[in-house]
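In what follows, a single structure is set out as C-alpha cells and then discussed.
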Amino acid sequence: MKTVAKLFLVGISACLVIIYVVTMPATDSILITLRPTPEPKTDFIFPNPLDDGDVGHLDDNHIAVETKLQTEEDIYHDPYLNVKYRVDTSVVDSFNVKEYIDNAAHDADPMKLNSFDQNRSDNIGAFRFISDSRHWTCLNHKEDWSNLPATSVIMTFYNEARSALLRSVTSVLKRTPPHLLADIILVDDCSDDLDLGRLLRGLDPKIKVLRNIERQGLVRSRIYGALNAAGPILTFLDSHIECNVDWIEPLLYQLTQKPRGIVSPIIDPIKAEDLTYKVASSNIKGGFTWALHFTWVQLTAKEMEGRHESDPIVTPMIAGGLFSIEKEWFFESGGYDMNMDIWGGENFEISFKNWMCGGYLYILPCSRVGHIFRKKHPYTFPDGNGKTYSKNTKLVAEIWMDDYKELFYHNRASARYSEIGDTSPRLALREKLKCNNFQWYLDNIYPELEIPEHNDVTISFNDWCLDSFGKTDNEVGLYKCHGKGGNQSWQINKSKNWVTQEDVCLTVRNKILVMHRCQTGNMHQQFEMDEDSNTLYNSYGDICVNVLNFKSRVVGVGACNKDGVLTTKWKIAKV
Ligand code: LR7
Ligand code: MN
C-alpha cells in the first residue's frame, strides 16, 4: 500500500497545492444544549430521489423527531430557538457563526449561487435537529460498537455556500463520537472565497484545511485529502450534507466485519427549494443506464422477499458522494482514476472496480445522512459539462466495460471523440488486482439490467432520413440521409417497443413526433415495425408514423392504411 500511496503523492505534487494545517488550541466542545424531543410525527413522505416525486408514506416505525420546516416563518419562529442562527455561538469559542455566514457572497436571487436557497440555508445556520429517519429496529442493533476504528472525514468543496459547509462540518463534529473521528480534512478546490475553508480551522482542532491553488475537480481533490488523512478508515462526504444520529457506527462496524469493500449511508434528500429534510426509502439501490447515467432503482421482487427494512442493501452502484472505505483498501485498489476532471464518472469506476476486483458495495439503512439534491450544477466546468462527463465516463467504459463499451458509445455517441489519454496504467491495475470481467459483473451483480440489442439503424423514405436534430422535446423531421449515423441513427428496442437515441425515445405528442425521456409504460412511446408493410405502428393510438408533408419534411402520425397510399413505407437499414 505504501508504494501505491507514494505514486499518488508523486502524481498529486504536480497539482501544486498549499496545505494549511490546524494549529488551533483545543476548544472545549461545540456542543449545544439539546432541546426536548418532540412527539414523533408519522406523516413524513418518502421522496424518491429518482424522480424527485413522493412514492409512499413513512410508517409509524420510523423515528421521526423533527418538526418540519416549511416556510420562512417556520424558520424564524422556531419554537426551540428564537434566534436567527440556531447554534449557541457562545460555545464555539473562537468561531463567530454569524460573521462567517454574513460575509459570504450573496446574490439577490437566493438560488443563483448554489442552486439551493442560500437564505434558508443561512437562516438554519450551523446546526439543526433533523428527523431521525432510521427504522426503529436500528435502535436495537445487536452489533458491538465498543471497539470500532476511527475514521477520517474528507470533504472537498468548490464555491460551497458558507452556511452549508459549516453545517456539514458541524453535523460531523456533533454526531460522530469523538473517539471515532480521527480528523476532518477539508479540501478547498480553489474556491473564489479564500476564507470559506480556512476560517473553519477555528471550529475544532481536528479540522485540517487544504487548498488547491488550481481547480482540480473532486477526484484529485479527494485523493489529496485521503493522502493527508490520519485515520484507518476514510469517509467521503459532499459539502452540503447533514449527518444523522448514529450515522457512522453502522458503516464502521460493517467494515470491521468485511474490510475490503465500500459502505454508504442511505442518502436522505434535503430539498433545494426549502431545505426540508425528507426521508428516503430503504428499498432502493443504485443503478445506471447504458449512457452511464446514475439512477435509483427499486429492489427486485426477489430482493424484497423476506427483506427487513434495516437489512443492508446490496447495490450495483453507489451514488458516489457519501461512503466509507478502509484507507488501505482504497489505495490498494487504486484510489480513483486521476485522469477524471471536475465531476462525474468516478462513482462508476469505484463501483465496477469494487465488485469486479474482490470488494463489495452495501448501502446500510441504519446509517442516514441528508444531502441537498439540486437540479443543476451551480458551478462552471472549464471544458464544459458535456465534454467533461463524456471524457470521464469514456475512461470507465474503456477500462472496465470490455465489449460492452460499444453499448455505451451507442448511447453516448459524443464520447467516441473524447480525448482520454493513456489508459494503460489503469488496465494494468485491473490485471494486478486479478479482476473479474464485466460480463461477470452483469451476471452476478446486476442481472436485471436490460441489455439492448446493438441495432443502429436509419429509418428513411426516398433517401430522406428520420432525424432528431439532436434535440429533446422538439420536432423530429426528415433530413437528407448523410450516412454518418448521429441524429439519424436509431435503436429499436424490441422488448419495450421503443425507438430511441441515447436515453430519449421517439414520442407521439399532439400528432407530431418529438424526442422525450424514455418512460416505462408510456404508450405514446411504443412503436412496432411491421416488417411486411414496412410501417411504424403505434398500437395505443392505432396510428402510424407518416410523412405528413414531404415538401416541408414534416413527419407525424396519422391513419394506418397499410395497403393504401396513405401510410408511409419506411426503409430500415443498418447505419
Ligand atoms: O470542481 C469541483 N470540485 C469539488 O470539490 C466540483 C465539485 N466539487 C465538490 C462539491 O463542492 C461537492 O462537495 O464535490 C462534491 C460533489 O459535487 P456536487 O455536490 O455538485 O455533486 P452531486 O451531489 O450532484 O453528485 C453526485 O455525483 C458526483 C459524481 O461525480 C459525485 O460522486 C458526488 O459526490 C455525488 N453526490 C452524492 O452521491 C450525493 C447524492 C446525490 C445523488 C444521486
Ligand atoms: Mn452534492
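Values below: every heavy atom of this structure, side chains too, minus hydrogens, waters and symmetry copies. None of the values given here were measured: they were computed from a predicted structure. Counting convention: from 1, in listed order, for ligands and their atoms alike.
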Consider every N or O of [X] and every N or O of ligand 1, then say whether any pair is closer than 3.5 Å.
{"X": "Gly344", "value": "yes"}
{"X": "Glu160", "value": "no"}
{"X": "Gly321", "value": "yes"}
{"X": "His240", "value": "yes"}
{"X": "His377", "value": "no"}

Would you check whether [X] reaches within less than 4.0 Å of ligand 1, judged by its heavy atoms?
{"X": "Phe381", "result": "no"}
{"X": "Arg374", "result": "yes"}
{"X": "Tyr379", "result": "yes"}
{"X": "Met155", "result": "no"}
{"X": "Gly217", "result": "yes"}

Flag for [Y]-[X]: side-chain donor and acceptor within less than 3.5 Å:
{"X": "Glu242", "Y": "Ser171", "answer": "no"}
{"X": "Ser163", "Y": "Asp122", "answer": "yes"}
{"X": "Ser221", "Y": "Thr156", "answer": "no"}

Which atoms of ligand 1 sit under 4.0 Å from any heavy atom of [X]?
{"X": "Gly320", "result": "32 (O), 34 (O), 38 (O)"}
{"X": "Leu322", "result": "39 (C)"}
{"X": "Phe157", "result": "5 (O), 11 (O)"}
{"X": "Phe294", "result": "43 (C)"}
{"X": "Tyr158", "result": "2 (C), 3 (N), 4 (C), 5 (O), 11 (O)"}
{"X": "His371", "result": "23 (O), 39 (C), 40 (C), 41 (C)"}

Using 4.0 Å as the upper bound for N to carboxylate O, is an ion pair formed by [Y] and [X]?
{"X": "Asp341", "Y": "Lys394", "result": "no"}
{"X": "Asp383", "Y": "Lys387", "result": "no"}
{"X": "Lys112", "Y": "Asp109", "result": "no"}
{"X": "Glu273", "Y": "Lys375", "result": "yes"}
{"X": "Glu349", "Y": "Lys353", "result": "yes"}
{"X": "Asp193", "Y": "Arg162", "result": "yes"}
{"X": "Glu346", "Y": "Arg222", "result": "yes"}

Would you verify whether the NZ or CZ of Arg215 falls within 45 degrees of the ring axis of Tyr158 while also being under 6.0 Å from that six-membered ring's centre?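 Yes.
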Which residue and heavy atom of the protein sit nearest [atom], plus the separation:
{"atom": "atom 29 (C) of ligand 1", "value": "Glu346 OE1, 3.4 Å"}
{"atom": "atom 42 (C) of ligand 1", "value": "Phe373 CE2, 3.5 Å"}
{"atom": "atom 24 (O) of ligand 1", "value": "Trp343 NE1, 3.7 Å"}
{"atom": "atom 13 (O) of ligand 1", "value": "Ser239 OG, 2.7 Å"}
{"atom": "atom 8 (N) of ligand 1", "value": "Leu218 CB, 4.0 Å"}

Under-2.8 Å protein N/O/S neighbours of the Mn ion (ligand 2), ordered by chain then residue number: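 Checking every protein N, O and S atom gives Asp238 OD2, His240 NE2, His371 NE2.
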Under 3.5 Å: donor-acceptor pair, side chain of Asn114, backbone of Ala161: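 Checking the backbone N and O of Ala161 against the side chain of Asn114, a donor-acceptor pair under 3.5 Å is found.
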Would a line drawn from the ring center of [X] to the ring center of [Y] be shorter than 6.0 Å?
{"X": "Phe373", "Y": "Phe116", "answer": "no"}
{"X": "Trp343", "Y": "Tyr389", "answer": "yes"}
{"X": "Phe348", "Y": "Phe408", "answer": "no"}

Verify ring-ring contact (aromatic ring centres under 6.0 Å, His included) between Phe294 and Phe288, making sure each step is shown before the conclusion. CA-CA 4 Å; Phe294 175 83; Phe288 59 90; 9.1 Å; no
Ignoring hydrogens, just give me the one of Val187, Asp189, Val219, Asn114 whose non-hydrogen atom is nearest atom 2 (C) of ligand 1.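 Considering heavy atoms of Val187, Asp189, Val219, Asn114, the nearest to atom 2 (C) of ligand 1 sits in Asp189.
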Please state which option from Asp238, Thr156, Thr295 has its nearest heavy atom closest to atom 10 (C) of ligand 1.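 Looking at heavy atoms only, the winner is Thr156.
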Side chain, backbone, both or neither: the part of Gln216 lying under 4.0 Å from ligand 1 by heavy atom: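 None of Gln216 does.
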One residue to check: Arg222. Relative to ligand 1, which of side chain, backbone, both or neither has a non-hydrogen atom less than 4.0 Å away?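 It is the side chain that touches ligand 1; the backbone stays farther off.
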Greater than 12 external heavy atoms within 6.0 Å of Glu419's CD: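 No.
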Of Tyr446, Tyr441, Trp400, which meets ring pair (Phe, Tyr, Trp, His ring centres under 6.0 Å) against Phe352?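 Option passing the ring pair (Phe, Tyr, Trp, His ring centres under 6.0 Å) with Phe352: Tyr441.
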